[in-house]
Amino acid sequence: DGCGHTVLGPESGTLASINYPRTSPNSTVCEWEIRVKPGQRVQLKFGDFDIDDSDSCHSSYLRVHNGIGPNRTEIGKYCGFDFQMDSLITSKSNEVTVQFMSGIHASGRGFLASYSTTDKSDLITCLDNASHFSEPEFNKYCPAGCVIPFADVSGTIPHGYRDSSSLCMAGVHAGVVSNTLGGQINVVISKGIPYYEGSLANNVTSEVGPLSTSLFTFKTSGCYGTLGMESGVIPDSHITSSSILEWPNQTGQVNIWKPENARLKRIGPPWAAFISDEHQWLQIDLNKEKKITGIITTGSTLAEHYYYVSAYRILYSDDAQKWTVYREPGMDKDKIFQGNTELYQEVRNNFIPPIIARFFRINPVKWHQKIAMKVELLGCQFSIGRAPKITLPPPPQNKNNEKNADFMDDVIHSVKTSLQTDKTTFTPEIKNTTVTPSVTKDVALAAVLVPVLVMVFTTLILILVCAWHWRNRKKKTEGTYDLPYWDRAGWWKGMKQFLPTKSAEHEETPVRYSSSEISHLRPREVPTMLQTESAEYAQPLVGGIVGTLHQRSTFKPEEGKEASYADLDPYNSPIQEVYHAYAEPLPVTGPEYATPIIMDMSSHPNTPLGAPSISTFKAAGNQAPPLVGTCNKLLSRTDSASSAQALYDIPKGQLGPGSADQLVYQVPQSVAHPTGSKDE
């Protein structure tokens, strides 16, 4: 009466004292007899050991024996509070007896131990979790029977499990190992996440968990994809059932819960049986043999119809005639899978080993109110390797026909033997779907070549872009718009190629302004206008009529009219014309210097007779161009910064080609003016 949690598998198992991890009752006893395959030995590992040793292991103890029965021999007798037993206890045969005695005591949790055959050197117990190991990746062997009520699991696949979760119990939840058989797990440690989801799978309930520093997942074979119920790959005609629920609603419309409604996550009603008994079934035709590794189920998913299946059996067939009920290896009873506990939650169950079949049938054995469900199958394609093509070697050249016949018989017999051996297929090891499976050599080669080709093409594109960019920069560097490298004297020469050709008439025509145009200028603009230095532009000739600027003008005329300055007008001309405030550039084909102006001082009232004419500009030749018009007044200005006075030349009194009332004035000279006494 002292036996607690016990699962004894053919290669591994788990055993614990009664009431573990609480204090075991007084005066109880339990014996476990463990047997493995002949020729193998048993190793025992303790996960927790806490037995009262107040009487020196006299009334409370744990004793391990080699063998079973009266001929067994003692290996050891153990007791003590929080006794640390790191080493394994190994038997000398394939049979072991474990005896637990609990006498009079006040405390002590008892013990929990796991066992396996000695070839499982990396055996762990059901209490080990990821925080007990420092390696980022490791392989361990989980014993059978690790679904225990006193261990915790937080998380689910594929996101991972909290590091405080029991490794083996999480492996059962993930479908990596079987609780009945145990198995190998490949664990990968990674950074934790803020929240761990909970779910029900393989009769293990995973709780919601908070943030942790690390988590763990399992490497798997990757055979856990959906087989087509939700996606619609399986057609409606391949989903059948034993019966269909039909019923009219309040409006008289008939509702039919057909078998094709049994698609997971499909909106609407599920499949429901017309009669709720243990003879109902839902059948799925996969069109060909496939490896089926798991199933996910839900209830009706309709709040007004609280229907779900809480337990079911699984049957499979290759021809839909002969059906096989799923059983775990070594078991003589049909396996009953735990179904849903409510109508919404998705519940997963895995098949270890997987099912290889074309036809799959679900047989509900327990339900709530009515049989109703939606399902999805997990697995992958299954292909049997073809037998190699048989090529018989030619028989040896011998006249003895009996020897030839014997030779052929030996060859055929050997081929038949090899084919029979090939037909034997071993159940593949099942693992979970958290890491991608290993790839073949061709896939690995492609994985190497594809990045190399991408890098080569990317490099070529970058080289072309850089060459194009360098070419554009070179063009910009050699362009004619690079103004900082032009000298000031040749500026207009460089601009000639961008300006349209101007006619000879426009080149010969001087720019003329009237006195009325000057009157529109502000007081400060008049002297500034007249004293502008001639760097790249010719100075305007005061007087004349200019309708508009030529098309090569680089300045925009002033728009609008300003206040009148008629009383400041130094000229006496009634002509009112538009004044352009800026001069035009030199003509394209003109000389490099402005047109010379000849001053004839003989007509000036204050100039002595016989004074020679003075040129204000360097002449292009020996001849000076004729000037037209007369003047009535002189406009002079004295610079406030210097005592020198600006002298204005007086035009000759000869008539030009223009009208007589057009006045043309010379450009003022910035030369020092003699004193008033000398002018007179």
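Since the model is a prediction, treat every value here as computed from it, not as a measurement. Here, residue 1 is the first one in the sequence, and each next residue gets the next number. These values consider heavy atoms only, across backbone and side chains, with no hydrogens, waters or symmetry-generated copies.
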If you define the side chain from C-beta out and look only at heavy atoms, does anything of [X] sit under 4.5 Å from [Y]?
X	Y	result
Asn203	Asn179	no
Ile362	Phe360	yes
Leu215	Tyr196	yes
Phe83	Leu62	no
Val187	Lys140	no
Lys374	Lys265	no
Ile296	Arg348	yes
Cys142	Met169	no

With a 3.5 Å cut-off and no angle check, do the side chains of [X] and [Y] form a donor-acceptor pair?
X	Y	value
Ser12	Lys120	no
Thr297	Tyr312	no
Ser243	Gln280	yes
Ser164	Asp152	no
Gln43	Ser116	yes

Flag, side chain of [X] to backbone of [Y], donor-acceptor distance under 3.5 Å:
X	Y	answer
Thr298	Glu346	no
Ser102	Pro25	yes
Asn139	Gln184	no
Asp236	Glu260	no
Thr293	Cys223	yes
Thr301	Gly299	no
Asp277	His279	yes

Enter the distance from [X]:[atom1] to [Y]:[atom2] here, rounded to the nearest 0.5 Å.
X	Y	atom1	atom2	answer
Lys258	Ser241	NZ	OG	11.5 Å
Ser231	Arg263	OG	CZ	8.0 Å
Leu264	Met229	CG	CE	8.5 Å
Ile234	Glu376	CD1	CD	7.0 Å
Asn94	Ile34	CG	CD1	11.5 Å
Arg35	Thr97	CZ	OG1	8.0 Å

What class does the angle between the rings of [X] and [Y] fall in, given that below 30° is parallel, 30 to 60° is tilted and above 60° is perpendicular?
X	Y	value
Phe111	Trp32	perpendicular
Tyr308	His368	parallel
His305	Tyr307	tilted

From CA spacing to verdict: side chain to side chain contact (heavy atoms under 4.5 Å, CB included), Lys290, Gln381: CA-CA 5 Å; Lys290 293 186 179 180; Gln381 301 293 332; 3.6 Å; yes

Stepwise side chain to side chain contact (heavy atoms under 4.5 Å, CB included) check, Asn186 with Val176: CA-CA 9 Å; Asn186 190 343; Val176 176; over 6 Å; no

Met455 CE: over 12 foreign heavy atoms closer than 6.0 Å: no

Side chain to side chain contact (heavy atoms under 4.5 Å, CB included) between Ile355 and Tyr326, worked out: CA-CA 8 Å; Ile355 298 172; Tyr326 184 83; 3.6 Å; yes

side-chain hydrogen bond (donor to acceptor under 3.5 Å, both in side chains), paired with Asn363, selected from Glu278, Arg313, Gln283: Arg313

Residue pair Phe351, Phe337: steps toward the ring pair (Phe, Tyr, Trp, His ring centres under 6.0 Å) verdict: CA-CA 10 Å; Phe351 308 127; Phe337 293 90; 5.4 Å; yes

Check against side chain to side chain contact (heavy atoms under 4.5 Å, CB included), Asp48 and Tyr20: CA-CA 10 Å; Asp48 189 18; Tyr20 180 86; 2.6 Å; yes

Cysteine SG atoms at Cys126 and Cys168 closer than 2.5 Å: no

Option among Val98, Leu123, Thr90, Leu88 that satisfies the side-chain contact (heavy atoms from CB on, under 4.5 Å) test with Leu44: Val98

